[in-house]
Amino acid sequence: MSTTTPQPTLEAKSPYELRVNLGKGVPESDVRSALASGDMGFLHSFTTGATVDGPGVRVVAWTAGCMWRCLYCHNPDTWTMSNGIPVTIAKATEQLRKYSRGLQVMSGGLTVSGGEPLMQNKFVVKLFAAAKKMGVHTALDSNGYYGDRLTDADLETIDLVMLDFKTWDAERHRVLTGMDNAPTIEFARRLAARKLPIWLRYVLVPDLTDDPEDVGKTAAFAAGLGNVSRVDVLPFHQMGRYKWEKLGLEYKLQNTEPPSDEIVERTLGIFRNAGLKAY
Ligand code: SF4
C-alpha cells in the first residue's frame, strides 16, 4: 500500500482536539483495501490515562468515520474517515505495546471508540487480537449498528462492549441520529446470548432523551438482557460545540442546556429501579 501522507502525532490530550483532513492524501483504492484487510486504520487519535472509558486506566484509540449524525455529537470531526490519521496495524500495535505493562498493572486496558469503530471492523478486531495477545483487556465503544459485521470469532477478542444506546423510541431515534435503532437492539440481544458484558452509555439531553417513559423502556430492555453490568448516564454538555462551528455544520442544540441535577437523578432512579447499577 502506498501513501505519501506524513504521519502526524497520534497522541492527543483529549478527543476534543479538532482534527481534519489527516488522511486526505490517501488514494480511495488504498482506503478500500485498508477497510477490507484491516491492515490499516484511520484514527482520530490515541489518548492515554482515561478512567471513564472502561474499567481501570485506559488507552483509547479514537477511530474516524461514523454513519450516524447525532444532533448532540461531541466529535463531528470523526464522522469522515479522511479526517483520520492513516495508521498501519503494526504501528498501532507498537503504540499499544508501549503501554501494555502499565495497563495490566493498573487493571486497565484498551478501549476503541470513535466515531464508530465498526466502520473499520477488520482493523479494530486485529487491534483487539493484538491486545489480547499482550494480555490487555479490550473494550469496544460502539453504537452497535454494524454489530453484525462481527463474527462470533471476532467477539472472542472483546472483553466488554460499551454500547451507546441513544433512545428507545424508533421515530425519536431517527430524528436524533438519522438512523434506525433496530440493529443496535439486535446486537445487544446477541451479546446477551453470548453473556458478553455490556456497559450501557446513555447521553442525557433535555427534551430529546429525558422522557421518563422512553428511559423506562430502555431500562426495562437493558435489565432484561441480563448482561448489562453498568449504566452510565452522561449529561449532555457543549464541549464539542466549537467543532460544529469550525466545520461549518448546522448545530441544532445551540441553546440546549445540560440537564438539571433533578433530571439526572430522576433518570438514574429509573435505571436503578429496573435493577441496574447506574452512575
Ligand atoms: S454515533 Fe457517536 S460519533 Fe457517531 S454521530 Fe453519534 S455521537 Fe457522533
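These numbers were taken from a predicted model, which means no experiment stands behind them. Whatever order the structure lists them in is the order used to number ligands and atoms, beginning at 1. Basis for what follows: all heavy atoms, side chains included, without hydrogens, waters or symmetry-related copies.
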Check your understanding: For W244, what residues pass the ring pair (Phe, Tyr, Trp, His ring centres under 6.0 Å) criterion, not counting sequence neighbours?
Key ->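 Expected list: W79, Y251.
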
**Study point:** Partner set under ring pair (Phe, Tyr, Trp, His ring centres under 6.0 Å) for Y202, not counting sequence neighbours
**Key:**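 Applying ring pair (Phe, Tyr, Trp, His ring centres under 6.0 Å) to Y202 gives F271.
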
Check your understanding: Going by the ring pair (Phe, Tyr, Trp, His ring centres under 6.0 Å) test, which pairs reach into residues 87-136, not counting sequence neighbours?
Key ->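 Matches after skipping sequence neighbours: none remain.
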
Are [X] and [Y] ion-paired here, with the side-chain N under 4.0 Å from a carboxylate O?
| X | Y | value |
| --- | --- | --- |
| E94 | K91 | no |
| R194 | D152 | yes |
| R190 | E186 | no |

Check your understanding: For atom 4 (Fe) of ligand 1, how many protein N, O or S atoms come closer than 2.8 Å?
Key ->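 Count of protein N, O, S atoms less than 2.8 Å from atom 4 (Fe) of ligand 1: 1.
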
Review point. Can you tell me the protein heavy atom closest to atom 2 (Fe) of ligand 1 and the distance?
Key: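 The protein heavy atom lying closest is K166 NZ, 4.0 Å.
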
